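Contents: one structure, followed by commentary.
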Protein chains: 2
Amino acid sequence: MTQPQTKYRSRCSIARTLDVLGDKWTLLVVRDLMWHGKHTFQELQASEEHIAANLLSERLKRLMALGLVAREAYQDRPVRYRYALTEEGRSLEALLLQIMGWGHAHLGGGLYDPQTGRTVAEAD
Amino acid sequence: MTQPQTKYRSRCSIARTLDVLGDKWTLLVVRDLMWHGKHTFQELQASEEHIAANLLSERLKRLMALGLVAREAYQDRPVRYRYALTEEGRSLEALLLQIMGWGHAHLGGGLYDPQTGRTVAEAD
DNA sequence: GCGACTCACTTTCAAAATTAAAGTGACTAT
DNA sequence: ATAGTCACTTTAATTTTGAAAGTGAGTCGC
């Protein structure tokens, strides 16, 4: 549970969620961390949607500030980081599944099965 | 099922859904149409988040183009419209509930109960 | 008839966000 | 020494947004 109301547009939970996750990139980063084993900056950047480096950098900072993502250095000299979802970040899985289900049914996108790691229904 | 009329960034259902709904306003319009009995342009514009008229106009056009919202004239001279979700638009309810649930649990927003039309848990 | 008002927008324009590209700094490999 | 990797940051052009004002068709009060 994060802090005060002043940082949000309203007290509506949907508006608040959109305040922090409502853009075209944030949830794709979460998707990659959640399911696709992408944990370094360059792995995240290499996803097929091609997020710009400055946006990835900014989104990771926001997700860390929200406590949804944490990073740890996996190497010094030079320091290199590994990003991972926190437990709170993993709580977004149901939301991601819901979004995926809707997009599959209504926009013809693929349907990924986190159990098997496979896309079980092809996209148009 | 909407056809590949639009071109999407990728075949990922999440990316596609974000392509069409991934911004700070679209789902608030859907929320108001779904649950709050707001059906005219001015009713939608009067919500507490205060969407700008140009954005509301553009979002309604997009939602209509997607087949999620339809409008009918409820008056001629001058023509005035009533906007409503289509059946496909109503399919977004589960997604809205999921987003609301997450926002309530993690950002402290209110929790609305569509059954009773009441907010059952207050926001911070 | 005249002015004030309503509704559903559209236009305007500055500010903010996104995009693509190039640049930086610390290193490693040849 | 030169080239390459990684994790970013910076820069500059383009796009989107946000706030305000404007428009057009009509109604209402006097």
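Note that the structure is predicted; figures quoted are calculated from it, not measured. Chain A is the first sequence line, chain B the second, and so forth, proteins listed ahead of strands; every chain is numbered from 1.
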Open item on the list: If the threshold is 4.0 Å, N to carboxylate O, is there a salt bridge linking B:Asp19 and B:Arg9?
Closed with: yes

Task: NZ/NE/NH1/NH2 to OD/OE distance under 4.0 Å, B:Glu49 and B:Arg31 - done: yes

Task: A:Lys38: side-chain hydrogen bond (donor to acceptor under 3.5 Å, both in side chains) partners, not counting sequence neighbours - done: A:Ser47

TODO: Would you kindly give the CG-to-C1' distance between A:Leu55 and C:dA16, to the nearest whole Å?
DONE: 13 Å

- [ ] Measure from NZ or CZ of A:Arg80 to the centre of the six-membered ring of A:Tyr74, then state whether that distance is under 6.0 Å and the direction lies within 45° of the axis.
- [x] no

Task: B:Arg71 to B:Tyr81 six-membered ring, cation-pi geometry met (6.0 Å, 45°) - done: yes

- [ ] Give a yes or no on whether A:Glu48 atom CD has more than 12 heavy-atom contacts from other residues, nucleotides or ligands under 6.0 Å away.
- [x] yes

Task: Min side-chain heavy-atom separation B:Leu21-B:Leu92 under 4.5 Å - done: yes

- [ ] List in numerical order all residues of residues 22-51 of chain B for which some heavy atom is under 4.0 Å away from an atom belonging to DNA chain C.
- [x] B:Thr40, B:Phe41, B:Gln42

- [ ] Flag the pair B:Glu122 and A:Arg11 as a salt bridge only when some basic side-chain nitrogen lies within less than 4.0 angstrom of an acidic carboxylate oxygen.
- [x] yes

TODO: Could you list where the contact with chain A starts and ends along DNA chain D, reading 5' to 3', using a 4.0 Å heavy-atom cut-off?
DONE: D:dC6 to D:dT11

- [ ] Please list residues of residues 56-64 of chain B whose heavy atoms come under 4.0 Å from any atom in DNA chain C, ordered by number; otherwise none.
- [x] B:Ser57, B:Lys61

- [ ] Could I get the full list of ring-ring contact (aromatic ring centres under 6.0 Å, His included) partners for A:Trp102, not counting sequence neighbours?
- [x] A:His106

Task: Pairing of A:Asp23 and A:Arg59 as salt bridge, 4.0 angstrom limit - done: yes

Task: Closest non-hydrogen atom pair between B:His39 and B:Ala84, with its separation - done: ND1-CA, 4.2 Å

Task: Nucleic acid contacts - residues 74-85 of chain A versus DNA chain C, non-hydrogen atoms under 4.0 Å - done: A:Arg77, A:Pro78, A:Arg80

Open item on the list: Any side-chain to backbone donor/acceptor pair from B:Thr116 onto B:Arg118? Under 3.5 Å, distance only.
Closed with: yes

